Amino acid sequence: MKKIIAIVVCIAMSVALFAACAPATETPSAEASTEASASTEASAEASTEASEPAASGEAKTIGYYKDAADDYYKAGYEVFLECLKADPETADWEVIDKVGQGTAQEQLAAVEDFITAGVDAIVVVQNSPEITAECITKANEAGIPYFALTHAPSVPAGGELAGFVGYDFVETGVMAGEDALTYNNGEGVKKLVMVEGKLGQGTASAQSLGFLQAYEEAGKDIGGTANDVAVNKTEGGADLQIVQWSSGDWMADPAKKVVADVITALGADGFDGMYVQNDEMMDGAIQALEEAGLNPADYWLGSSNGKEKSWTWAEEGRVTMDVNQTPALEGDLLYQMLKAYFNGEEYRKYVSPYLTPYNSSNVTELTLVPYDATAYMELRPDIVTDINDPKFEDAEALITFN
């Protein structure tokens, strides 16, 4: 078991469109990302201002909506509940939990139900930026603070968001691309299978964009700009061919079929690497390779999420690299935001947790944060998680970008 305490990793942000395993419909562009980055410094002061709080000193009722029964969303929610229970000031708060099936109307209906119920705050893991803008407007009109988790929301003109916590998935992709460039004694991955969560979705496109940016910044020929290749799903260039763009729907079984079909169509030598954008899909990809009689260790296999099972995969050499981006930190930081809001304290309203990349050569030496809520809470006293700590990067620009 590797040491999982005293986390001190601080990753400088690349401006990104966030998402984890579920839909966000906008596709990021390099130009917009640059413009958003320029606004970060100007908005830093504003992001520390406290919203007008509701009365403190009494139990609160929180409406919490998750877009799907996704294990990532569930893990963040469970840590959020554990943090509430562990704090005498919040232990008696009530949480109304609603789970959708990935449709925009379910999200809207849930937010409307929360408003009718008169909750003290609303938390949403969103379905899409468009429906979220409507939800924020309705919550604002009702005078209820609205917090967004995991996916970067679209805040309507004149609208107010009480807080947002989510990872930078362009940076996640950059980390994968940088690792892929070291493959084969520095020759880099040449023939890549890109298994996106869903083709064209915000999260998936952000990770693809980041991967391609790493190659572009290294001066590699990828057949155009990183943004053009990511958006148009082109075949790449002399230094990196994208031999297959596929969607694994963020789940193991669809990804397994995708990879099995790739092996059948291209053969064992038709690719030398796969960027499989989350651990559930990687589970299916590994199964497909092994069932075809291929050794996963003979290929570069990169992913994100960084779940505990991936730590073992990396130790065994069944995956090459991954990025630890635990929803446990999202849940913890969300809890801190809500508590600060109701106490009338200043807090950073838009926060990007840090990312920790690891690979088969260093996974046993790094400090990684677990997904499991019980394990996280046991280690929490030794994990620095103050929301205002500088290692949690301000993400105000991401809201501007969306």
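Numbers here simply count residues along the sequence, with the first being 1. These figures come from a predicted structure and were not determined experimentally.
Evaluated for a salt bridge (charged side-chain N to carboxylate O under 4.0 Å, His left out) with Lys309, the options Asp283, Asp71, Asp279 yield exactly one hit, Asp283. When the options Val99, Val125, Val95, Leu149 are evaluated for a side chain to side chain contact (heavy atoms under 4.5 Å, CB included) with Tyr77, the one that passes is Val95.
With salt bridges taken as basic N to acidic carboxylate O contacts below 4.0 Å, none links Glu141 and Lys138.
Checked against the 6.0 Å centroid criterion, the rings of Phe147 and Phe164 do not qualify as a close aromatic pair.
Contacts of Asn140 classified as side-chain hydrogen bond (donor to acceptor under 3.5 Å, both in side chains), with partners at least two apart in sequence or in another chain: none. Scanning for side-chain hydrogen bond (donor to acceptor under 3.5 Å, both in side chains) contacts around Asn359 gives Asp179, Ser361, with sequence neighbours left out.
A distance of 7.5 Å separates SG of Cys135 from CD of Glu112, quoted to the nearest 0.5 Å.
Within the structure, ring-ring contact (aromatic ring centres under 6.0 Å, His included) contacts touching residues 110-135 (residues at least two apart or in different chains) do not occur.
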- Task: In sequence, state the C-alpha distance, the side-chain angles, and the governing distance for Arg348 and Glu393, and then conclude on salt bridge (charged side-chain N to carboxylate O under 4.0 Å, His left out).
- Result: CA-CA 10 Å; Arg348 290 172 56 209; Glu393 298 294 331; 5.8 Å; no
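Between the side chains of Gln325 and Tyr72, not a single donor N or O lies within less than 3.5 Å of an accepting N or O. Using modelled atom types, one finds no donor on one side chain facing an acceptor on the other under 3.5 Å when comparing Tyr376 with Glu82. Looking at Glu78 and Thr374, their side chains never bring a donor and an acceptor atom within 3.5 Å of each other.
Minimum heavy-atom separation, Lys307 to Tyr358: O-OH, 4.0 Å.
Around the CD atom of Gln287, the shell of radius 6.0 Å holds more than 12 heavy atoms that belong to other residues, nucleotides or ligands.
A heavy-atom distance below 4.5 Å is not found between the side chains of Asp322 and Val363.
Aromatic ring pairs are classed by plane angle as parallel below 30°, tilted from 30° to 60° and perpendicular above 60°; the pair Phe80 and Tyr64 is tilted.
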